[in-house]
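Inspection log for the structure reproduced underneath, given as structure tokens.
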Amino acid sequence: MTSDTPADRRGDRERGLLARLRRGRSTPRSRGRRRVGAAFRLLAALLLAGGAYTVFAPGLNAEDTPQLTSAAEDGRALFDVSCVTCHGRNAQGVDGRGPSLIGVGAASVEFQVGTGRMPMARQEAQAPRKPPVFTDEEIRQLGQYIQELGGGPQIPDGDLKAGGDVANGGHLFRVNCSSCHAFSGGGGALSSGKYAPSLNDSTDRQIYAAMLTGPQNMPVFGDNQLTPEQKADIIAYVQESLKTDGDPGGFFNLGRYGPVTEGVAVFLVGMVALIFASLWIAGKS
């Protein structure tokens, strides 16, 4: 038979209170241990990932960086000597001197350098055509370097006007080109000191590159605007018709600037002739 005295009841309450306090202290301790363990495991995982990246990342970066071809390496040497001042060490451009060449492609380089427009002596409204500074091989090397550096449009190999339809090329030229280059391809003035150059000295590759890249004030005629076949038609018309047909308007071509110039000349000459004829008739009468 157990005793149930006040002292016994008080002892039971004290023991129960101590048990609850022990349980209360053990719970935070177990949670704290779990948190410390989780933090330790996270730190170990981060250290392991960082170590793996340090070991393998240099090799991966080396594989992702493409090696330049021999032609592009030669072009890079030429670029570092003649172009880096205006276009920057990595062709990213220099403010106030020259634009970035990333993405312009080999076609733009071949047009600008092949026509002597680049290198430019100074910034002007229009880059005039000049004798080229580089040889054809050096121009191809420069273009190959820029192509491998940032990509962009390229001129296809082969005869660019092969199979071209001269009649259709004439139609396309009058619709897309004559408003700036005139009906005869002699060029014309634009605003702010700019002008559309003459096509008389342009080669097949230069015409194709100009359509692909849209140099200076010229719009870009990509393959969505003019297909390669239509480009071949235009080149065939320029090379086989405009440059060989002579002057259909007569011996005095008046610069071949088109019907406006011819109409003004005819008006002025005709009016002067009529005035003198009238005075002569009046004097005789």
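If you're wondering where the values come from, they're calculated on a predicted model, not measured in any experiment.
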Can you find a pair of side-chain heavy atoms, one from [X] and one from [Y], that are under 4.5 Å apart?
| X | Y | value |
| --- | --- | --- |
| E138 | V113 | no |
| N176 | Q225 | no |
| H181 | P197 | yes |
| S202 | F111 | no |
| E110 | Y208 | no |
| C180 | M218 | no |

Nearest heavy atoms of [X] and [Y], plus distance in Å:
| X | Y | result |
| --- | --- | --- |
| Q126 | Q216 | NE2-OE1, 2.9 Å |
| G222 | K231 | O-NZ, 3.3 Å |
| E73 | L68 | OE2-CB, 3.7 Å |
| I146 | L101 | CG2-O, 3.5 Å |
| G187 | A182 | O-CB, 3.8 Å |
| A107 | I155 | CB-CG1, 3.8 Å |

Measuring from atom [atom1] of [X] to atom [atom2] of [Y], what distance do you get when rounded to the nearest 0.5 angstrom?
| X | Y | atom1 | atom2 | result |
| --- | --- | --- | --- | --- |
| L47 | L42 | CG | CG | 9.5 Å |
| I234 | I207 | CD1 | CD1 | 9.5 Å |
| M211 | D223 | CE | CG | 10.0 Å |
| C177 | F221 | SG | CZ | 5.5 Å |

Is the number of heavy atoms from other residues, nucleotides or ligands within 6.0 Å of CD (E137) greater than 12? no
Quick check on D136: does its CG atom have over 12 non-hydrogen neighbours (other residues, nucleotides or ligands) under 6.0 Å away?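 Incorrect, the count does not exceed 12.
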Backbone of [Y] reached by a side-chain donor or acceptor of [X] within 3.5 Å:
| X | Y | result |
| --- | --- | --- |
| Q147 | G152 | yes |
| R129 | D201 | yes |
| K161 | A236 | no |
| S192 | K194 | no |

Test of understanding: clusters of I, L, V, M, F, W, Y form through side-chain heavy atoms closer than 4.5 Å, transitively. Do [X] and [Y] belong to the same one?
| X | Y | result |
| --- | --- | --- |
| Y145 | V133 | yes |
| L226 | L242 | yes |
| M271 | V264 | yes |

Will you find, in the side chains of R117 and T115, an N or O donor that is under 3.5 Å from an N or O acceptor? yes
Side-chain donor-acceptor pairs of residues 75-93 under 3.5 Å, sequence neighbours excluded:
from, atom 1, to, atom 2, distance (Å)
H87, ND1, P99, O, 2.9
Q92, OE1, N90, N, 3.0

Please output the side-chain donor-acceptor pairs of residues 163-173 that fall under 3.5 Å, not counting sequence neighbours, one pair per line with the distance.
from, atom 1, to, atom 2, distance (Å)
D165, OD1, A167, N, 3.1
D165, OD1, N168, N, 3.4
N168, ND2, D233, OD2, 2.8

Cluster membership besides L190, Ile/Leu/Val/Met/Phe/Trp/Tyr side chains within less than 4.5 angstrom, sorted by chain and number, is none
